[in-house]
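Here's the structure we're looking at; comments come further down.
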Amino acid sequence: AGAKDDAFNVLDLAEYTKNRPWWRKIFGPSSGSSAEKYNVATQLLIGGVTGWCTGFVFQKVGKLAATAVGGGFFLLQIANHTGYIKVDWNMVQRDMNKAKEQLKFHSSGNKMPPEVKSRVDEVIIFLKKNVILTGGFAGGFLIGMAS
């Protein structure tokens, strides 16, 4: 019975996953950089098409969000003017001052938390490995925003 126990290796999954990029955790080991899998034209096409779709959707959603926020603000002003609601401007001013103080406190450190820094580093590594795909995406995104 003792010989069977020695035949198994123990794998510490926490240590194993710390050393792997997030995209490999999601997509598996066959998901190397696109530069290893596709030629330049394919990378530009994939990046451009996905960028255009993202830019187009971003533009439409942005217009919808701006309309909703502006319309909501407009309705609140009408409700305030007609007397349906009453705004306590002293409370608004006090809350704004409190928010300003918190922003000053948090911005004085200029240090990124380690979790954010590690994610930013992973994104930069991904962008460097897939520079052609990223360039196609950026161009497609701008064209999608313009259309």
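- Across all non-hydrogen atoms, the minimal contact from Ser147 to Trp52 is OG-NE1, 3.3 Å.
- The shortest side-chain heavy-atom distance between Asn39 and Thr42 falls under the 4.5 Å cut-off.
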Go through the steps to decide whether Phe137 and Thr54 satisfy the test side chain to side chain contact (heavy atoms under 4.5 Å, CB included), and finish with yes or no.
CA-CA 9 Å; Phe137 180 87; Thr54 304; 3.7 Å; yes
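- Closest approach of Ile46 to Thr50, counting heavy atoms only: O-OG1, 2.8 Å.
- Of all the heavy atoms in Leu133 and Gln43, the pair that sits closest is CD1-O, 3.3 Å.
- Although no hydrogens or angles enter the test, the distance criterion places no donor-acceptor pair under 3.5 Å between the side chain of Asn80 and the main chain of Leu76.
- The distance from the CG atom of Leu45 to the CD1 atom of Ile132 is 13.5 Å, given to the nearest 0.5 Å.
- Ile85 and Phe74 are members of different hydrophobic clusters when ILVMFWY side chains are connected at heavy-atom separations under 4.5 Å.
- To the nearest 0.5 angstrom, Glu122 atom CD is 5.0 Å from Arg119 atom CZ.
- The hydrophobic cluster containing Met96 also contains Trp89, counting ILVMFWY residues as joined when their side-chain heavy atoms lie under 4.5 angstrom apart, directly or transitively.
- One hydrophobic cluster holds both Val123 and Phe126 under the rule that ILVMFWY side chains link at heavy-atom gaps under 4.5 Å.
- A salt bridge between Glu101 and Lys98 is absent, with no side-chain N of the basic residue lying under 4.0 Å from a carboxylate O of the acidic one.
- At a threshold of 4.5 Å between side-chain heavy atoms, the hydrophobic network of Ile, Leu, Val, Met, Phe, Trp and Tyr places Val131 and Val40 in one connected group.
- In this structure, the separation between CZ on Arg94 and CG on Asp88 is 7.0 Å, given to the nearest 0.5 Å.
- Atom-to-atom distance recorded for Leu127:CG and Lys129:NZ is 12.0 Å, nearest 0.5 angstrom.
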